Amino acid sequence: MQIIFTKAALSKTGAVVIPSFVDGPSSSAFISINEETDGALERASKSAGFSGKKGQILEIVAPGGVGFGRIVLVGAGKTQNFTLLDAETLGGSALAKVMRTREKTLLFALDGFSAPGMDNADLAARIAFGARLRSYQFDKYRTKLEKDQKPALTKISIHTPSSAAKSAYATLDYICNGVFLTRDLVSEPANILFPESFAQRCRELESLGVRVKVLGVEEMKKLGMHALLGVGQGSANESRVVAMEWMGGKKNDAPVCFVGKGVTFDSGGISLKPGPGMWDMKWDMGGAGAVTGALMALAGRKAKANVVGIIGLVENMPDGNAQRPGDIVTSMSGQTIEVLNTDAEGRLVLADILWWAQEVYKPKTMIDLATLTGAIIVALANEFGGLFANNETLAGQLLEAGEASGDLLWRMPLTKAFDEMIKSDVADMKNIGGKEGPSSSAAAFLARFVKPGVAWAHLDIAGKAWTDKDQSPTPKGATGYGVRLLNEFVRATLEK
Ligand code: BES
Ligand code: MN
Ligand code: ZN
């Protein structure tokens, strides 16, 4: 999708989107088209009950002589309640409306659309961002789509008087690239995206100046990563660990580590999952996908920060060599784990890469993202990622980054009681607690692999990596959750 910013007179073809506030002045495009049509636009909005309320959207086939094929009026609500996230939603909803038509171009007419206290450049940039985010489609495997089933829309123009809008958007475009990479990775089926091919995709970030290191099975054995290797041993696809280093900050600043669960398929292993719905487990690498996309965004926009993304890539399968319930493994940290359920595999993977991250990079701050428990979806639906943290400042920063980016988080408890639940009779710990508070006992398990003094947060994103319904600015499927969150966290806390 091509996106351009223009101040020139409107070129009157394709679809035009005209946003308006309930309490704001009419935009100049509304006024001029209304005049040209002897008040037809006003009559059309009256008869449809369009008043500019937030979320209202009215599509009109343009009367002859106007030039445009379609006019889309979108409501923005009251000026004082309007946020930049609302601007993204607005851009996304309008885009979705037009994508369903055969129009080839879309023009956002923003002259005269402004809210007091909101920068016009940011407003225009965020509308464009929302539109591009919403335009994502994963159709590379749909070989039989007829031409008329594919969207005709190829170009978005933003008509704004603000000359700064284009450069405000440039940063957002890099973030969008990161979100799209995450969505691509999460959408890929597990026969295409397995540990080795995932690692290969990470190598593509080298062209942006990211240093990419890949650990193979032999190296992991030498390092003693038997918790991670145990998960992958029942698969024909070898495990990998990938580190992606973006050192855009001060030379001697310790990096922040982003750590991602990358189970490219989670069958459950010998503790096999039920068949129906098992296909969802192709996106059990959503944490690793988010970390990879975030690194792409940060490197793309040349963030002034030191960040390392570390992902553990394994396939959890049940063959004759697979790990059994009851097996005891020794993690890289030296702590032993009784594996009572081979389907609680994400924490085993994270245990070793959290430890490795701290040994190699000595971070002061470490954030892991993982589609770790189904129970977090029971608790938070698909509305929030679950936030577990050992540090109040870090928790606060992440909650704020969530509010600002739209990748929402909700704090969950992580107290001693949950640590008690994973005591084992035969090893240092077991890999499942009970049926009470399973998301928190999973977090308590991870906490045992965090060294003293490291500020750490665990984000359980099982409810956020994928959506079954279209949302704005996120179409159904892989969401790219986490990229905007991590990017905003870096911007607000490391690039001050
Ligand atoms: N990958 C799953 C969690 C999951 C479930 C993610 C649904 C996305 C949607 C994880 O590996 C898992 O199987 N967790 C178990 C843990 C249990 C065995 C303690 C779960 O949540 O049931
Ligand atoms: Mn599992
Ligand atoms: Zn899993």
Side-chain angles (χ1 to χ4, degrees), residues 186-187 190 193-195 198 227-228 230-235 237 239 259-290 311-318 322-327 337-353 368-386 388 412 418 421-424 429-446 458-468 477-479 481-482:
V186 170
S187 302
L193 198 78
F194 44 89
F198 194 141
L228 183 153
V231 176
Q233 79 188 29
S235 167
N237 291 307
S239 305
V259 177
K261 167 178 172 181
V263 177
T264 57
F265 189 73
D266 180 13
S267 71
I270 297 297
S271 311
L272 195 65
K273 285 183 183 295
M278 199 198 275
W279 47 82
D280 277 340
M281 288 301 109
K282 76 170 184 180
W283 49 264
D284 206 19
M285 35 54 69
I311 58 179
L313 304 172
V314 302
E315 187 180 53
N316 188 20
M317 296 290 272
Q323 140 166 287
R324 295 144 289 254
D327 282 6
I337 305 162
E338 184 187 12
V339 180
L340 289 181
N341 190 324
T342 65
D343 195 14
E345 85 297 341
R347 64 198 76 183
L348 298 170
V349 173
L350 289 169
D352 278 339
I353 57 173
D368 76 71
L369 291 88
T371 49
L372 204 66
T373 65
I376 202 71
I377 313 176
V378 178
L380 302 176
N382 300 104
E383 298 301 311
F384 301 91
F388 302 81
M412 299 291 288
F418 296 102
M421 295 175 185
I422 52 169
K423 282 189 172 159
S424 160
M429 70 196 88
K430 53 187 181 182
N431 78 329
I432 46 169
K435 59 183 187 317
E436 297 88 7
S439 303
S440 286
S441 58
F445 180 99
L446 301 180
H458 155 59
L459 314 183
D460 192 337
I461 66 168
K464 294 302 296 181
W466 191 269
T467 176
D468 289 329
T479 61
Y481 180 91

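What you see is a predicted model; the values in this text were computed from it and never measured. Just so you know, ligand 1 is whichever comes first in the structure, and atom 1 is the first atom listed for that ligand.
- At distances below 3.5 Å, at least one donor-acceptor pair connects side-chain atoms of T371 with backbone N or O atoms of D284.
- Note that atom 21 (O) of ligand 1 has protein non-hydrogen atoms nearby, at separations under 4.0 angstrom.
- Near W283, with a cut-off below 4.0 Å to any heavy atom, the atoms of ligand 1 are 8 (C), 9 (C).
- Atom 16 (C) of ligand 1 has R347 NH2, 4.0 Å as its closest protein atom, hydrogens excluded (heavy atom only).
- If you number the atoms of ligand 1 from 1 as listed, the ones under 4.0 Å from a heavy atom of G374 come out as 3 (C), 4 (C), 5 (C), 20 (C), 21 (O).
- Checked by atom type and distance alone, the side chain of T264 never pairs as donor or acceptor with a backbone atom of A190 at under 3.5 Å.
- Here the closest non-hydrogen pair linking F388 and M412 is CE2-CB, 3.3 Å.
- The CZ atom of F384 lies 8.0 Å from the NZ atom of K464; values are rounded to the nearest 0.5 Å.
- Closest heavy-atom approach to atom 15 (C) of ligand 1 within the set D343, D280, D266: this belongs to D343.
- When distances from the Mn ion (ligand 2) to the N, O or S atoms of D266 are compared, OD2 comes out shortest.
- For the pair L372 and L446, the minimum side-chain heavy-atom distance is below 4.5 Å.
- Formation of a donor-acceptor pair under 3.5 Å by the D460 side chain with backbone atoms of T373 is found in this model.
- In this structure, W466 has no heavy atom closer than 4.0 Å to ligand 1.
- Near K261, meaning under 4.0 Å from any of its heavy atoms, are these atoms of ligand 1: 1 (N), 10 (C), 11 (O).
- Under a 4.0 angstrom heavy-atom cut-off, K435 registers as lying outside contact with ligand 1.
- The Zn ion (ligand 3) lies under 2.8 Å from an N, O or S atom belonging to D266.
- The option with the heavy atom closest to atom 11 (O) of ligand 1, from among M281, E345, K273, K464, is E345.
- Distances from the Mn ion (ligand 2) to the N/O/S atoms of E345 are shortest for OE1.
- At distances below 3.5 Å, at least one donor-acceptor pair connects side-chain atoms of S271 with backbone N or O atoms of T342.
- Rounded to the nearest 10 degrees, the angle OE2 (E345) to the Zn ion (ligand 3) to OD2 (D284) equals 100°.
- Counting backbone and side-chain atoms alike, K261 contributes an N/O/S atom closer than 2.8 Å to the Zn ion (ligand 3).
- Minimum heavy-atom separation, S441 to P438: OG-O, 3.3 Å.
- Of the possible polar contacts, none joining the T479 side chain to the T467 backbone as a donor-acceptor pair under 3.5 Å is found.
- Among all non-hydrogen protein atoms, the one lying nearest atom 18 (C) of ligand 1 is N341 ND2, 3.5 Å.
- Minimum interatomic distance between A465 and G286 (heavy atoms only, all atoms of both residues): CB-CA, 4.4 Å.
- Atom 10 (C) of ligand 1 has L372 O, 3.3 Å as its closest protein atom, hydrogens excluded (heavy atom only).
- Put simply, D284 stays out of reach of the Mn ion (ligand 2), with no N, O or S atom under 2.8 Å from it.
- Interface atoms of ligand 1 facing T371, defined by a heavy-atom separation under 4.0 Å, are 1 (N), 2 (C), 3 (C), 6 (C).
- Heavy-atom minimum distance, L350 versus K261: CD2-N, 3.9 Å.
- Counting only distance, with no hydrogens or angles, the side chain of D327 and the backbone of V339 share no donor-acceptor pair below 3.5 Å.
- Between the D352 side chain and the A227 main chain, a donor and an acceptor come within less than 3.5 Å of each other.
- Geometrically, ligand 1 and A375 share no nitrogen or oxygen pair separated by less than 3.5 Å.
- Listed by atom number, the atoms of ligand 1 under 4.0 Å from A462 heavy atoms are 6 (C), 8 (C).
- Atom 19 (C) of ligand 1 has I432 CG2, 3.5 Å as its closest protein atom, hydrogens excluded (heavy atom only).
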